[in-house]
Structure formats: C-alpha cells, structure tokens
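For reference, the structure is listed below as structure tokens.
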Amino acid sequence: QVQLVESGGGSVQAGGSLRLSCVVSGYPYNAYSMGWFRKAQGKEREGVAAIHFGNGQTYYTESAKGRFTVSQGTGKNTLDLQMNFMKPEDTGMYYCAANCNGLTTNCGYWGQGIQVAVSS
C-alpha cells in the first residue's frame with residue numbers, strides 16, 4: 001500500500017522560509033515523478049514543483065521559480081520542498097503526490113496534505 005506523509009508546514013511571516021518533507025512508503029520511489037501541489041481557499045489545486053527522479057528534471061510553477069526548490073530529501077524515500085521568500089499568496093494546503101505528470105494534478109497517489117500560512 002502506497003502512503004505519503006507530509007510534515008513541516010506551519011505559519012510564517014512574509015519573507016520567511018519553510019521546508020516541507022514527504023515520506024513515501026510502498027512505492028518504487030525513484031521510478032517516476034513526484035511533486036508538491038497547493039490548494040488555496042477558493043481556488044483549484046495547482047502544481048507548485050515537481051521532479052522526475054529518472055532524469056532529474058524539475059518543474060516549477062511561475063510563482064515558485066527562484067524561491068522554491070524541490071529535491072530528494074536526506075532520506076532515500078523523502079521528497080522535500082524548500083520555500084524561501086514566502087508570500088501571503090503561498091498560503092494553502094500543500095499536498096505531496098507520486099506518479100505524477102509534471103505539474104499536472106494527474107497523480108496516482110496523494111498525501112493527506114499539510115497547512116501552510118503566510119502572513120503579511
């Protein structure tokens with residue numbers, strides 16, 4: 001059974017940083033793409049950052065470029081998202097997902113999500 005568990009969310013002031021981590025179990029971790037997705041209140045869930053472990057290709061939504069970095073974590077089965085220079089519009093529920101297609105929300109497996117709040 002595939003499980004994804006997110007951690008590291010919380011509240012931060014604008015300009016601050018947060019690091020999200022996702023631990024994956026029951027999945028061939030290095031086989032496909034994984035990513036982070038965000039759902040803000042009143043908006044559709046959107047792709048924030050993704051990585052294909054086969055070729056190392058990374059994908060970022062325009063608003064995340066230059067501020068966020070997606071990477072394999074220190075643990076073999078961990079996906080991280082380092083978020084710097086955060087803005088209030090980064091607020092939302094963040095989801096880790098596996099077996100994804102770039103930044104599209106067409107992923108095979110999803111975590112439960114973790115809340116991120118950025119105050120101005």
Side-chain angles (χ1 to χ4, degrees):
Q1 181 179 0
V2 179
Q3 287 189 319
L4 295 85
V5 179
E6 302 97 338
S7 64
S11 298
V12 65
Q13 288 189 327
S17 299
L18 281 176
R19 188 177 186 88
L20 304 183
S21 290
C22 174
V23 178
V24 185
S25 61
Y27 188 73
Y29 182 69
N30 287 323
Y32 302 107
S33 291
M34 292 188 64
W36 288 96
F37 297 78
R38 172 176 66 210
K39 181 156 187 338
Q41 189 172 9
K43 295 185 178 181
E44 297 290 323
R45 184 153 52 183
E46 62 173 346
V48 175
I51 184 168
H52 192 290
F53 290 109
N55 58 20
Q57 179 71 47
T58 55
Y59 309 84
Y60 295 95
T61 191
E62 194 63 34
S63 65
K65 290 179 181 178
R67 300 188 300 125
F68 294 4
T69 303
V70 63
S71 63
Q72 182 175 359
T74 54
K76 178 181 178 181
N77 296 330
T78 304
L79 178 72
D80 287 350
L81 180 67
Q82 177 66 43
M83 303 185 288
N84 299 325
F85 306 108
M86 296 187 73
K87 303 175 181 180
E89 50 263 44
D90 295 325
T91 295
M93 187 71 80
Y94 282 70
Y95 298 86
C96 174
N99 194 14
C100 299
N101 182 14
L103 291 178
T104 71
T105 57
N106 184 26
C107 299
Y109 305 97
W110 293 88
Q112 292 297 309
I114 193 163
Q115 185 67 44
V116 169
V118 185
S119 58
S120 58

Subject >> Shortest non-hydrogen separation from K65 to E62 and the atoms involved >> reply: NZ-OE1, 3.1 Å
Subject >> D80 and Q82: CA distance, side-chain angles, deciding distance, side chain to side chain donor-acceptor pair (under 3.5 Å) verdict >> reply: CA-CA 6 Å; D80 287 350; Q82 177 66 43; over 6 Å; no
**OP:** Working to the nearest 0.5 Å, report the span between CD1 of I114 and CG of L81.
**Re:** 11.5 Å
Subject >> Any donor-acceptor N/O pair, E6 side chain to G113 backbone, under 3.5 Å >> reply: yes
**OP:** Decide whether V118 and V48 are clustered together by the hydrophobic rule: side chain heavy atoms of Ile, Leu, Val, Met, Phe, Trp, Tyr closer than 4.5 Å, transitively.
**Re:** yes
Subject >> pair S7-V5: side-chain heavy atoms closer than 4.5 Å >> reply: no
Original post:
Would you call L79 and F53 a side-chain contact if the rule is heavy atoms closer than 4.5 Å?
Top reply: yes
Original post:
Rounded to the nearest 0.5 Å, how far does NE2 of H52 lie from CE of M34?
Top reply: 12.5 Å
**OP:** Indicate, with yes or no, if Y109 and L20 share a hydrophobic cluster defined by side-chain heavy-atom contacts under 4.5 Å among Ile, Leu, Val, Met, Phe, Trp and Tyr.
**Re:** yes
Original post:
For T78 and S21, which heavy atoms make the closest approach, and how far apart are they?
Top reply: CG2-CB, 4.2 Å
Subject >> Path from I51 to V2 over hydrophobic side-chain contacts below 4.5 Å >> reply: yes
Original post:
Above 12 or not: heavy atoms from other molecules or residues under 6.0 Å from CD of E89?
Top reply: yes
Subject >> M83 side chain reached by V116 side chain, heavy atoms, under 4.5 Å >> reply: yes
**OP:** Kindly compute the distance separating NZ (K87) from OG (S120), expressed to the nearest 0.5 Å.
**Re:** 13.5 Å
Original post:
With a 4.5 Å heavy-atom cut-off, do L103 and Y60 have their side chains touching?
Top reply: no
**OP:** Might you point out which heavy atoms bring T91 and A40 nearest each other, and give the distance in Å?
**Re:** O-CB, 3.7 Å
Original post:
Is the number of heavy atoms from other residues, nucleotides or ligands within 6.0 Å of CD (Q115) greater than 12?
Top reply: yes
**OP:** Report yes if the distance between the aromatic ring centroids of F68 and W36 is under 6.0 Å, otherwise no.
**Re:** no
Original post:
How about E44 and T105: do any of their side-chain heavy atoms sit closer than 4.5 Å?
Top reply: no
May I have the list of side-chain donor-acceptor pairs in residues 93-101 shorter than 3.5 Å, sequence neighbours left out?
from: Y94; atom 1: OH; to: R38; atom 2: NH1; distance (Å): 2.9
from: Y94; atom 1: OH; to: D90; atom 2: O; distance (Å): 2.5

